[in-house]
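All ligand and atom numbering here is 1-based and tracks the order in the structure. Computed from a predicted model, the values in this text were never measured in an experiment. Note that the numbering runs from 1 along the sequence shown for the chain.
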Amino acid sequence: MERLQKVLANAGVASRRKCEELIKEGKVTVNGEVVTELGVKADPAKDDIAVNGKRIRSERKIYLMFNKPKGVITSVNDPKGRPVVTDYLKGVNERVYPVGRLDFDTEGLLLLTNDGELAHKLMHPRHHVPKTYLATVERVPHGDALDKLKRGIKLEDGMTAPADVEYHDVDPDKKQATIRITIREGRNRQVRRMFEAIHHPVIRLKRISFGGLALDNLQRGKYRKLSGEEVRLLTEAADGAEDANRAE
Ligand code: URA
């Protein structure tokens, strides 16, 4: 529940102040009743709210997990007409935005939502939300090279924070290895740059987990809605990480 003037302003009716005037002028109804007091609260997902008899656009919050294929841009449109993630969201009427981005060549778990507040928290570096990737790299890195990634390694834009790093799969003829890496930052092309720094360029990169949610067997190019429980976990991941950091 939120104050009616805030609900109206969020729905794009007008500025908060102008919305207050509309309420005082008796132009706003909630479930058919005219409301003229400013203290009244309403729930845009449940209440029928109208201004001058016209229902406001009340977007429900929606949270999606998408398995982004390689060769798709993490954007809602591309001036050059290349494939974008929203091309895959047929049947989703709400306007959702990606939470952070995956490179054109990176595949895997991408969250999309119209909940700007949660998206912002999840993306904010201060909140240290964990993201896990499977990185298939050229040749097999030595344990001490992986230790460097664990401790933090110097990149152009400074040292990386400690990461969790372990072998996931090693090719028998040693031409490549797949490493599981969890980072709590989100710098541009960070995982690729980390492996470049130890001279094992990434051949394939897939994100398999974000904020404690796992991609599991969601098919490539498909999306699904998050459950209420998953949204709760995600919110906790964002808030909890912030609190832990504050306590330091
Ligand atoms: N790190 C990368 O290098 N690329 C991504 O898409 C995500 C993380």
Side-chain angles (χ1 to χ4, degrees), residues 64-78 80 82-89 96-113 118-139 141 145-146 148-169 176-216 218-223 234 237-238 241:
L64 306 175
M65 178 189 289
F66 174 55
N67 186 349
K68 179 183 118 46
K70 189 176 161 162
V72 175
I73 300 183
T74 306
S75 173
V76 294
N77 59 51
D78 179 55
K80 293 190 195 149
R82 291 168 296 181
V84 293
V85 291
T86 41
D87 293 346
Y88 291 81
L89 306 183
V96 291
Y97 295 93
V99 178
R101 52 186 294 280
L102 290 176
D103 299 335
F104 185 69
D105 283 335
T106 303
E107 56 192 291
L109 198 167
L110 182 71
L111 296 176
L112 296 113
T113 183
L118 181 61
H120 179 75
K121 275 188 188 173
L122 289 167
M123 283 188 278
H124 198 289
R126 172 161 37 93
H127 296 210
H128 303 291
V129 172
K131 298 145 205 119
T132 303
Y133 298 83
L134 292 181
T136 303
V137 302
E138 287 181 14
R139 298 168 285 104
L146 296 189
K148 284 189 194 159
L149 300 185
K150 277 187 201 166
R151 285 195 299 268
I153 193 160
K154 190 153 182 256
L155 300 180
E156 265 172 31
D157 49 359
M159 292 293 287
T160 60
D164 303 331
V165 188
E166 59 186 45
Y167 294 102
H168 177 78
D169 194 21
Q176 61 184 49
T178 301
I179 311 295
R180 185 187 169 96
I181 177 165
T182 301
I183 58 171
R184 293 172 183 78
E185 310 170 276
R187 304 193 211 165
N188 194 24
R189 297 178 67 83
Q190 180 167 344
V191 175
R192 291 176 195 276
R193 290 192 291 132
M194 286 172 81
F195 282 100
E196 268 159 31
I198 59 164
H199 311 293
H200 289 275
V202 169
I203 304 165
R204 180 181 173 206
L205 189 59
K206 179 176 183 180
R207 182 154 71 192
I208 57 167
S209 165
F210 187 113
L213 302 189
L215 185 62
D216 285 337
L218 181 63
Q219 277 179 29
R220 185 177 302 150
K222 299 285 183 204
Y223 73 91
L234 209 52

For residues E107 and L102, determine if any side-chain heavy atom of one lies less than 4.5 Å from a side-chain heavy atom of the other.
no
Numbered atoms and elements of ligand 1 in range of D103, under 4.0 angstrom, heavy atoms:
2 (C), 3 (O), 4 (N), 5 (C), 6 (O)
Any atoms of ligand 1 less than 4.0 Å from a non-hydrogen atom of T106? List them with their elements.
4 (N), 5 (C), 6 (O)
Check this for me, if you would: do D157 and R193 make a salt bridge, where the nitrogen-to-carboxylate-oxygen distance has to be below 4.0 angstrom?
yes
Should the ring pair H124 and H120 be called parallel, tilted or perpendicular, given that the plane angle runs from 0 to 90° and is split at 30 and 60?
perpendicular
Region of L205 engaging ligand 1 - heavy atom pairs below 4.0 Å
side chain
Step by step, would you call T160 with R187 a side-chain hydrogen bond (donor to acceptor under 3.5 Å, both in side chains)?
CA-CA 9 Å; T160 60; R187 304 193 211 165; 5.6 Å; no
Could you tell me whether D103 and R207 make a salt bridge, using a distance below 4.0 angstrom between a side-chain N and a carboxylate O?
no
Backbone or side-chain N or O of V191 under 3.5 Å from ligand 1 N or O
yes
Has ligand 1 got any nitrogen or oxygen that is less than 3.5 angstrom from a nitrogen or oxygen of R101?
no
If you measure every N or O of R189 against every N or O of ligand 1, does any of those distances drop under 3.5 Å?
yes
Using a 4.0 Å cutoff against the non-hydrogen atoms of Y133, which atoms of ligand 1 qualify?
7 (C), 8 (C)
Which residue, I73, V72, D78, forms the side chain to side chain contact (heavy atoms under 4.5 Å, CB included) with S75?
I73
